[in-house]
Participant: 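Quick one: this structure, given as structure tokens, is what I'll be asking you about.
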Amino acid sequence: MKIKNTIFRIPVINNVLLYEETDSTNLRARQYAGAGCVDGTLIISDMQTSGKGRMGRSFSSPAETGIYMSLVLRPDTDPSRIPGITLIAAMAVSKALSRIENIQPQIKWPNDIVAAGKKIVGILTESGDNGRYVILGIGINVNNESFPEGISDTAGSLYQICGKKLCREDIIFHVWEHFSTYYAQFLDAGDLSFMINDYNSLLASYQKEIYIIPHDKTIHQINPYKIDTADIEPCLCMGIDPHGALICRHHDGRLELVNAGEVSVRGLQGYC
Ligand code: BTN
């Protein structure tokens with residue numbers, strides 16, 4: 001991959017490890033982090049045999065189509081601020097993808113990017129050693145022509161939307177270039193105040209009615225993205241607060257702050 005020639009220009013990247021195949025780049029990253037690798041170690045694999053998503057889900061990771069990568073970070077910040085890194089990553093990926101013709105990415109809070117109504121990107125942030133290191137895993141569906149049964153109604157690829165096969169190295173470069181800038185601002189400011197307006201303008205559910213779904217709600221047996229919304233009162237999405245929580249207004253006027261680890265969000269009209 002020619003990525004090694006360019007990516008070291010990006011301040012946040014200090015080491016790059018390339019795999020043709022691995023189980024999960026998040027698992028590899030955790031192994032390297034545990035063994036003391038440098039802050040900014042990036043693991044990229046051409047395919048994953050066991051790509052991980054949130055809440056025990058899998059992430060479809062076929063060879064030569066998508067981007068599967070994980071960055072080890074050792075942020076000098078309070079562990080309670082770590083969830084903000086997921087939101088920064090979502091912003092960075094959205095900005096990188098919006099450079100592509102006909103792609104208008106939107107963020108599905110907190111960790112997915114959608115375009116043309118389909119999930120294009122998944123982000124999985126994990127921490128270890130009591131918050132001393134963070135694994136930021138990003139999966140992007142780039143040149144996939146189709147998806148396995150069960151996720152094909154919710155998952156999509158950049159190729160399916162823009163009709164062109166895209167260079168994965170270019171996308172990887174631009175993702176980390178944007179991430180590097182936002183991450184430096186985040187560490188400096190200590191919260192996400194600097195990007196709230198920008199983030200809300202990319203938020204798919206901004207000023208729309210959404211369902212807030214607790215993680216224990218029945219998950220559909222065939223399609224893990226289908227969730228039972230019966231008995232859940234919709235509320236209005238008011239955007240994020242400086243710590244990345246979603247501000248929701250209930251019908252009685254009550255405001256609720258929802259934290260990312262605790263819930264999933266669905267639009268009234270479907271996945272976004
Ligand atoms: C989700 O959809 O819930 C998150 C998906 C995250 C997938 C990426 S692919 C690279 C990294 N390695 C993994 O095993 N998962 C993340």
Side-chain angles (χ1 to χ4, degrees), residues 1 3 13 16-34 37 41-73 82-83 85-90 92-94 96-97 105-115 118-128 133-144 147-148 150-158 168 171-172 175-176 179 204 213 215 217 219-220 223-227 260-266 271-272:
M1 264 194 176
I3 191 77
I13 307 291
V16 179
L17 299 159
L18 300 176
Y19 283 80
E20 274 180 22
E21 176 182 328
T22 190
D23 45 2
S24 151
T25 55
N26 267 35
L27 289 176
R28 289 287 71 68
R30 186 177 282 279
Q31 208 172 36
Y32 284 111
C37 73
T41 296
L42 177 64
I43 290 108
I44 306 176
S45 184
D46 194 43
M47 69 171 284
Q48 298 183 117
T49 52
S50 194
K52 298 199 296 167
R54 286 209 313 161
M55 296 181 274
R57 295 170 182 159
S58 58
F59 188 81
S60 173
S61 313
E64 294 173 23
T65 54
I67 293 170
Y68 320 111
M69 57 187 179
S70 303
L71 182 66
V72 178
L73 293 166
I82 288 173
I85 294 176
T86 305
L87 281 82
I88 294 173
V93 178
S94 298
L97 300 187
Q106 288 191 302
I107 299 170
K108 183 177 172 295
W109 181 89
N111 70 320
D112 288 346
I113 311 289
V114 295
K118 298 277 180 103
K119 170 170 169 170
I120 308 293
V121 179
I123 299 170
L124 179 63
T125 311
E126 303 177 292
S127 60
Y133 68 78
V134 175
I135 310 293
L136 170 57
I138 301 179
I140 309 179
N141 300 329
V142 182
N143 292 324
N144 314 54
F147 288 89
I151 59 165
S152 53
D153 55 343
T154 44
S157 72
L158 296 170
R168 289 177 293 163
I171 297 173
I172 293 170
V175 165
W176 295 119
F179 178 81
I213 302 147
H215 281 172
K217 251 323 214 183
I219 291 178
H220 197 277
N223 182 345
Y225 293 99
K226 280 201 176 139
I227 289 178
E262 299 156 10
V263 296
S264 291
V265 167
R266 287 291 179 280
Y271 181 63
C272 307

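Counting starts at 1 for both ligands and their atoms, in listed order.
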Participant: By number and element, which atoms of ligand 1 are closer than 4.0 Å to a non-hydrogen atom of Ile123?
Facilitator: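 Per the distance check, 4 (C).
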Participant: If I apply the N/O under 3.5 Å rule, does Ser24 come out as touching ligand 1?
Facilitator: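 The answer is yes, given that Ser24 and ligand 1 share an N or O pair closer than 3.5 Å.
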Participant: Near Met69, which atoms of ligand 1 are under 4.0 Å from a heavy atom of that residue?
Facilitator: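 Checking each atom against Met69, I get 10 (C).
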Participant: Do Leu73 and Phe179 come within less than 4.5 Å of each other through their side chains, counting heavy atoms only?
Facilitator: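 Touching, per the 4.5 Å side-chain cut-off.
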Participant: Mark up the atoms of ligand 1 that fall under 4.0 Å of a heavy atom belonging to Gly51, in ascending order.
Facilitator: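 Taking each heavy atom of Gly51 in turn, ligand 1 has 14 (O) under 4.0 Å.
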Participant: So, taking the atom named CG in Leu27 and the one named OG1 in Thr22, what distance separates them when rounded to the nearest 0.5 Å?
Facilitator: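 It comes to 7.5 Å.
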Participant: I'd like to check which ligand 1 atoms, numbered from 1 as shown, lie under 4.0 Å from a non-hydrogen atom of Gly53.
Facilitator: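 Contacts of ligand 1 toward Gly53, numbered from 1: 1 (C), 3 (O), 4 (C), 5 (C).
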Participant: Atom OG of Ser127 and atom CD1 of Ile135: how far apart are they, to the nearest 0.5 Å?
Facilitator: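 Answer rounded to 0.5 Å: 9.0 Å.
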Participant: Taking N or O atoms only and a 3.5 Å limit, does Thr25 qualify as a polar contact for ligand 1?
Facilitator: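 For ligand 1, there is an N or O atom that lies under 3.5 Å from one belonging to Thr25.
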Participant: Under 4.0 Å from a heavy atom of Gly139: give me the atoms of ligand 1 that qualify, with their elements.
Facilitator: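 With Gly139 as reference, the close atoms of ligand 1 come out as 8 (C), 9 (S).
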Participant: Which pair of non-hydrogen atoms, one from Ser60 and one from Ile151, has the smallest distance, and what is that distance?
Facilitator: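 Heavy atoms only, the tightest pair is CB-CD1, 4.1 Å.
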Participant: Under a 4.5 Å cut-off applied to non-hydrogen side-chain atoms, are Leu124 and Asn111 in contact?
Facilitator: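 Leu124 vs Asn111: side chains apart.
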Participant: What closest approach, in Å, do Ala29 and Ser70 show between heavy atoms, and which atom pair accounts for it?
Facilitator: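 Answer, listing the atom of Ala29 first, then Ser70: CB-CB, 3.9 Å.
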Participant: Nearest 0.5 Å, please: how far is OG1 in Thr86 from CD in Glu126?
Facilitator: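 If I round to the nearest 0.5 Å, the distance is 10.0 Å.
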Participant: If you count the atoms of ligand 1 from 1 in the order shown, which ones are under 4.0 Å from a heavy atom of Arg54?
Facilitator: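 What qualifies from ligand 1 is 1 (C), 3 (O), 4 (C).
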Participant: Under a 4.0 Å N-O cut-off, is there an ion pair linking Arg54 with Asp112?
Facilitator: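 Answer for the salt bridge query: no.
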Participant: With heavy atoms only and a cut-off of under 4.0 Å, state how Leu27 meets ligand 1: side chain, backbone, both or neither.
Facilitator: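 Neither; no heavy atom under 4.0 Å.
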Participant: So between Lys52, Gln48, Lys119, whose heavy atom ends up nearest atom 1 (C) of ligand 1?
Facilitator: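 It is Lys119 that holds the nearest heavy atom.
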Participant: Show the atoms of ligand 1 that are less than 4.0 angstrom away from any heavy atom in Ile138.
Facilitator: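 That gives atoms 8 (C), 9 (S), 10 (C) of ligand 1.
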